[in-house]
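Read through the structure below, which is laid out as structure tokens, and then see the notes.
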4 protein chains.
Amino acid sequence: MIRVAIVGASGYTGVELLRLLENHPGVQVSCVTAGQNAGEEISTLFPSLIERISLRCEETDVALVADRADFVFTALPHQTAMAVVPGFLDAGKKVVDLSADYRLQNVAEYEAWYQKHSSPHLLAEAVYGLPEISRKQVATARLVANPGCYPTSVALALAPLLREGLVDLDSLIIDSKSGTSGAGRSAKVGSLFCEVNEGFKAYSVGNHRHTPEIEQTLSALAGRKVLVNFTPHLLPVNRGILSTCYANLGKAASTAELLELYRDHYRQEFFVRVLGEGNLPNVAYVRGSNFCDIGLVSDPRTGRVIVVSAIDNLVKGAAGQAVQNMNLMLGFDEKAGLTALPLFP
Amino acid sequence: MIRVAIVGASGYTGVELLRLLENHPGVQVSCVTAGQNAGEEISTLFPSLIERISLRCEETDVALVADRADFVFTALPHQTAMAVVPGFLDAGKKVVDLSADYRLQNVAEYEAWYQKHSSPHLLAEAVYGLPEISRKQVATARLVANPGCYPTSVALALAPLLREGLVDLDSLIIDSKSGTSGAGRSAKVGSLFCEVNEGFKAYSVGNHRHTPEIEQTLSALAGRKVLVNFTPHLLPVNRGILSTCYANLGKAASTAELLELYRDHYRQEFFVRVLGEGNLPNVAYVRGSNFCDIGLVSDPRTGRVIVVSAIDNLVKGAAGQAVQNMNLMLGFDEKAGLTALPLFP
Amino acid sequence: MIRVAIVGASGYTGVELLRLLENHPGVQVSCVTAGQNAGEEISTLFPSLIERISLRCEETDVALVADRADFVFTALPHQTAMAVVPGFLDAGKKVVDLSADYRLQNVAEYEAWYQKHSSPHLLAEAVYGLPEISRKQVATARLVANPGCYPTSVALALAPLLREGLVDLDSLIIDSKSGTSGAGRSAKVGSLFCEVNEGFKAYSVGNHRHTPEIEQTLSALAGRKVLVNFTPHLLPVNRGILSTCYANLGKAASTAELLELYRDHYRQEFFVRVLGEGNLPNVAYVRGSNFCDIGLVSDPRTGRVIVVSAIDNLVKGAAGQAVQNMNLMLGFDEKAGLTALPLFP
Amino acid sequence: MIRVAIVGASGYTGVELLRLLENHPGVQVSCVTAGQNAGEEISTLFPSLIERISLRCEETDVALVADRADFVFTALPHQTAMAVVPGFLDAGKKVVDLSADYRLQNVAEYEAWYQKHSSPHLLAEAVYGLPEISRKQVATARLVANPGCYPTSVALALAPLLREGLVDLDSLIIDSKSGTSGAGRSAKVGSLFCEVNEGFKAYSVGNHRHTPEIEQTLSALAGRKVLVNFTPHLLPVNRGILSTCYANLGKAASTAELLELYRDHYRQEFFVRVLGEGNLPNVAYVRGSNFCDIGLVSDPRTGRVIVVSAIDNLVKGAAGQAVQNMNLMLGFDEKAGLTALPLFP
């Protein structure tokens with residue numbers, strides 16, 4: 001069994017990694033860190049783990065973690081992650097970083113949307129870990145930047161269209177809706193039950209930090225710089241992202257033709273499910289799973305295609321994709337630990 | 001007190017009309033009909049009304065209702081409404097019809113999206129009752145077609161831009177999300193709690209029946225035929241519609257400039273609240289009220305404006321707007337019965 | 001118009017007082033205080049109020065408030081309330097205090113369950129403001145202690161049985177469930193959406209601070225000291241308390257007989273609705289209203305009666321009852337501002 | 001691989017069995033029946049299964065099912081189950097029946113609470129399949145009656161107290177709250193999203209059909225006939241049952257002493273987690289898992305103990321327990337297919 005550490009385990013991504021790895025045949029979580037809760041049992045933070053996982057939270061100390069584990073997941077906020085990731089690499093560990101710190105290849109862009117970067121030399125090395133798009137690079141990477149939740153849902157929704165050059169690249173509009181676990185477990189008034197429940201709003205319109213990440217991926221797929229409108233919304237559900245993507249078709253194509261293209265494109269992909277004509281995804285049908293469900297409609301009245309994708313933001317949008325990347329990096333079956341069916345209802 | 005009938009009172013719109021009219025200073029509900037529940041106390045159907053409203057459901061009989069009431073709300077499904085509305089008019093009653101039957105002026109379009117129309121001659125007479133856009137015509141109408149919930153949210157969101165000719169009319173994309181009360185109170189598996197709760201989906205993509213209604217209103221505002229992409233989604237909340245509207249600006253305009261335009265436009269409108277820069281609406285902040293909240297962002301990167309509007313689909317999107325129309329038709333203060341603040345949380 | 005102050009307006013009780021008082025015919029809110037948000041518009045804290053209420057939050061300064069208002073609601077946490085209430089009384093104002101500070105008549109009991117009391121002399125004077133039980137005393141009071149949400153739901157559920165001496169006083173078990181607004185608007189991990197949504201738990205079992213308050217009221221009704229088991233639970237809804245109360249009947253009585261007793265008991269009470277046999281309350285049917293709905297079942301198999309009551313914890317359980325008390329203290333119609341029907345769905 | 005049939009697979013229990021068995025190492029679902037949907041892909045009914053499970057619904061025909069499968073789960077409504085179960089036994093199959101038809105040993109009691117029984121001779125043979133209480137009998141059974149969801153949560157909560165004779169058997173009060181999936185997937189107005197969401201109610205007070213089942217189990221544990229008050233409530237969550245159980249202690253015992261008893265009692269039980277003092281269960285922490293979490297408090301003021309248990313009604317309350325029973329009946333590891341951690345949040 002390979003020993004795995006989860007650095008920054010006190011958030012929802014941390015507990016989700018623990019859930020998924022518990023049933024993984026080849027690894028064992030040997031170390032969890034959570035600076036604020038050092039010394040506490042992880043099951044005190046997450047009573048869902050009681051009696052099944054008995055690990056005590058450690059300080060986030062690079063040497064200690066490097067001693068305890070062969071492979072490291074960093075589930076820290078941006079800026080905090082870059083303070084420890086280089087140390088793990090220096091200690092010879094492979095790392096999947098779930099923060100935003102190594103996702104943007106262009107340091108200027110990173111610094112424009114976030115803050116100063118302390119290890120910009122690693123940006124060129126880090127592999128953006130969306131296996132359905134960059135599987136080979138992931139397999140040989142030392143450092144994988146795990147994609148953001150929104151960008152994952154968008155990249156999988158649009159990849160076939162962009163690769164085939166079927167749409168007007170200046171017409172892309174992405175209207176996304178995320179469950180509240182995406183806001184994390186920190187105590188903020190805006191995340192309180194009574195503020196979110198029975199509510200719905202758009203936020204960060206025009207300036208969400210996932211915008212450059214989405215544009216980087218779409219630009220790579222399209223072969224030229226792409227700008228998009230990306231509008232995130234807050235859904236009163238625990239889990240799930242639904243992205244509704246609009247694009248002007250370069251030339252007319254029916255729903256059936258486009259679905260055929262998508263099926264061809266994703267035929268080998270276990271985790272991408274292309275729905276039949278007339279069916280559209282629902283976040284309820286991917287809950288707890290690593291699937292990305294995709295449906296689409298071509299509208300001949302306006303010449304646009306509408307592609308809708310659904311993922312569980314904590315699984316394919318975070319912890320599940322991180323495990324998928326780990327599987328590739330360590331030579332396991334890519335699906336190991338990730339074959340559970342969605343929890344419905 | 002003017003005697004008012006609610007024809008088809010067994011749905012969510014019916015109980016909402018009863019709630020709003022109970023505190024109206026000038027009218028009294030004298031008759032409710034509900035064919036399936038004829039003979040039952042309305043408070044048996046809706047225990048929220050117990051001890052406060054004691055009306056027994058009647059058959060939907062035109063003569064009976066005409067005898068009991070001076071003014072009629074028809075809250076029936078489309079096709080059922082057109083079977084009784086002409087009768088009420090013939091009996092000399094004014095009518096606000098909450099169905100779709102008299103919303104489209106073009107009979108061919110109505111019949112293309114719905115079914116055969118049995119009183120097409122009334123389409124020319126019926127006034128589309130969105131007071132912020134057609135107040136004068138409503139005031140003198142005999143028959144008002146109460147707008148659909150989605151179309152209301154969209155028309156108020158886009159009217160200033162279209163009237164001023166500020167956007168590319170071929171670029172309009174409307175991504176709307178509605179609470180589940182919009183699906184009505186009929187027993188369908190798709191509306192069950194466990195199917196909707198913790199879920200989110202798009203539906204009727206490219207073919208929702210509110211599309212021609214939206215296009216009719218936007219075309220009138222713009223002065224030429226407009227086609228849009230309209231994508232509705234189902235939100236796991238009881239009440240509320242949020243519409244996120246995208247348009248390419250004809251020439252650059254800042255968020256502040258556009259907000260100033262909106263404030264000018266809606267300065268006299270009690271029920272439209274234009275939010276300050278940096279603020280965006282949330283359905284939670286209009287719950288139970290007749291307000292439409294509007295916020296917007298101009299994105300200089302893409303040259304688009306994103307306008308977001310929020311209403312309570314059962315109030316400004318149905319029963320509240322119907323009362324607002326009645327107030328105009330009967331010469332009451334337009335706000336009568338509609339001044340309650342939103343219920344938050 | 002009588003000028004009213006809300007001291008401590010930044011919580012859910014504060015915004016609910018503003019909502020209810022906005023439609024009150026005889027008073028106007030002239031002053032709101034919120035120490036942490038002094039200087040901010042109250043509509044910044046609660047966007048539901050935008051354009052309808054424009055008051056700026058003040059510091060909680062007794063002299064300033066006394067100058068601005070004729071009547072004071074204190075909606076502060078316990079211990080904070082007692083720091084200002086005596087000052088308002090000294091300034092000649094009548095006060096409804098929504099905290100727990102003046103609810104318990106026995107100072108030792110208060111200090112055992114809370115902390116030291118700084119104005120114990122007022123405990124004897126303060127009237128426990130449950131109008132259905134102590135209407136006359138409220139009407140002449142200078143200081144009314146507004147009951148807790150749970151105790152209100154329990155006292156109304158059990159008063160007829162206790163007054164008539166129909167149950168074994170050692171057998172009382174109260175299983176209550178409250179919506180999350182009862183936990184307030186402070187940022188705590190336990191109140192986050194993802195922690196509460198899709199969850200349900202009991203808390204403070206055996207030691208909730210509403211226990212002595214419940215026992216004080218029930219003891220007064222019964223004429224001797226009563227101990228109860230009171231178990232609160234956290235419901236994933238915004239509003240509502242449902243209390244399920246169990247008692248052993250002294251002698252057999254049918255459901256019909258007991259309901260008749262309840263109807264007699266509450267015949268004059270506008271805000272208490274006794275349901276018919278076979279019907280039981282639902283928090284959904286009192287949402288946003290000042291009603292308390294009560295249903296009951298007598299179980300001949302076990303000789304117990306089960307009484308179920310439902311209120312909106314923010315209305316009859318807090319702000320609504322406070323307004324009801326104010327109405328009595330100022331000589332208004334007791335129902336003024338409180339006649340809106342429940343918001344369903 | 002042993003071939004397994006799910007008879008009556010179109011409900012929430014059916015899809016949950018499919019989810020759990022998909023990861024079972026020793027069995028394969030070879031046949032699903034759903035009379036109303038015969039001929040349809042099961043993934044059409046439950047899109048969560050798309051691309052992972054491709055089985056077409058069959059008619060519920062005993063001979064056909066017996067031919068296709070070695071082991072049968074019947075997930076039919078009561079009365080419908082008894083029409084097919086004898087046939088499967090006659091065909092030599094072992095059966096876990098998830099209906100109520102074989103849970104009550106006394107035919108008169110069954111017929112008093114349900115309707116006429118067509119195979120009363122099987123009541124004596126059927127084993128009530130709560131492995132923590134009747135493991136040995138389950139292991140050798142041909143027909144296991146899978147316990148009801150409420151009764152499971154109650155039996156595990158009270159078994160240690162009853163076996164040890166620590167409580168007054170005439171004092172048992174059980175206040176239970178269930179998620180809405182317990183109401184099934186049939187289209188009823190009372191199960192609609194807008195009726196359940198933001199609501200909470202008690203139902204079937206004094207006459208719920210799980211009462212005799214609870215009493216049968218508790219009586220067997222106590223060694224004499226026990227009557228209880230059992231009050232179910234409807235929770236606005238998809239999954240989960242929380243039962244709050246009250247009992248008068250025969251003699252004083254502290255929380256710590258009682259917890260020690262529970263820990264001793266359940267030390268060997270993988271699926272029962274006894275929480276530490278000060279901790280109480282939450283349905284959120286068992287979601288999707290086969291765990292039953294138990295916490296308790298002894299209240300010295302009243303001499304009562306309050307025991308709280310939480311299960312997922314679809315797992316330990318239905319499909320999970322059915323798989324656990326199957327594992328025992330077929331000689332698999334009792335935990336096979338059931339080791340996934342809860343899904344939180």
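Each chain gets a letter, A, B and so on, in the order its sequence line appears, and its residues count up from 1. As the structure is a prediction and not an experimental result, all values here were calculated from the model.
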Partner chain D: residue of C:Cys194, C:Gly206, C:Ser298 with the largest heavy-atom pair count (under 4.5 Å):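 Top count of heavy-atom pairs under 4.5 Å with chain D: C:Cys194.
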
Any idea which of C:Ala202, C:Gly240, C:Gly303 has the most non-hydrogen atom pairs under 4.5 angstrom with chain D?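 Ranked by contacts with chain D, first place is C:Ala202.
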
What do the steps show when you test C:Leu280 against D:Lys201 for side-chain contact (heavy atoms from CB on, under 4.5 Å), and what is the final call? CA-CA 7 Å; C:Leu280 290 165; D:Lys201 65 171 183 182; over 6 Å; no

Between D:His233 and C:Phe200, is the side-chain contact (heavy atoms from CB on, under 4.5 Å) condition met? List the steps. CA-CA 12 Å; D:His233 299 73; C:Phe200 186 69; over 6 Å; no

Shortest non-hydrogen contact from C:Glu198 toward D:Arg239: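 Minimum heavy-atom contact is OE1-N, 4.3 Å.
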
If you take all heavy atoms of D:Ala284 and C:Gly199, which pair is closest and at what distance?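 Residues D:Ala284 and C:Gly199, closest heavy atoms: CB-CA, 3.9 Å.
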
For a salt bridge (charged side-chain N to carboxylate O under 4.0 Å, His left out) check, start with the C-alpha distance between C:Lys177 and D:Asp175, then their side-chain angles and the critical distance, and finish with the verdict. CA-CA 11 Å; C:Lys177 304 86 178 175; D:Asp175 195 280; 3.0 Å; yes

Interchain contact, [X] with chain C, by part (heavy-atom threshold 4.5 Å):
{"X": "D:Thr180", "value": "neither"}
{"X": "D:Val205", "value": "both"}
{"X": "D:Asn229", "value": "both"}
{"X": "D:Tyr246", "value": "side chain"}
{"X": "D:Pro236", "value": "both"}
{"X": "D:Asn207", "value": "neither"}

With the side chain counted from C-beta on, respond yes when C:Glu195 and D:Asn282 share a heavy-atom pair under 4.5 Å apart, and no when they do not.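 No; the side chains remain at least 4.5 Å from each other.
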
Contact origin within C:Leu172 toward chain D - heavy atom pairs under 4.5 Å: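 Looking at C:Leu172, just its backbone touches chain D.
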
What's the separation between atom CG in D:Leu242 and atom CG in C:Leu234, rounded to the nearest 0.5 Å?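 Here the rounded value is 11.5 Å.
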
With a 4.5 Å heavy-atom cut-off (strictly below), which parts of residues 181-192 of chain C touch chain D? List them by number.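 Under the 4.5 Å heavy-atom cut-off, nothing qualifies.
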
Heavy-atom pairs under 4.5 Å with chain C - which of [options] has more of them than the others?
{"options": "D:Thr255, D:Val308, D:Val286, D:Leu235", "result": "D:Leu235"}
{"options": "D:Asn197, D:Val228, D:Thr302, D:Val196", "result": "D:Thr302"}
{"options": "D:Asn248, D:Thr231, D:Asp170, D:Ile173", "result": "D:Ile173"}

Using a 6.0 Å cut-off, check whether atom NZ of C:Lys251 has over 12 heavy atoms from anything other than its own residue.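 At most 12 heavy atoms, drawn from other residues, nucleotides or ligands, come within 6.0 Å of this atom.
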
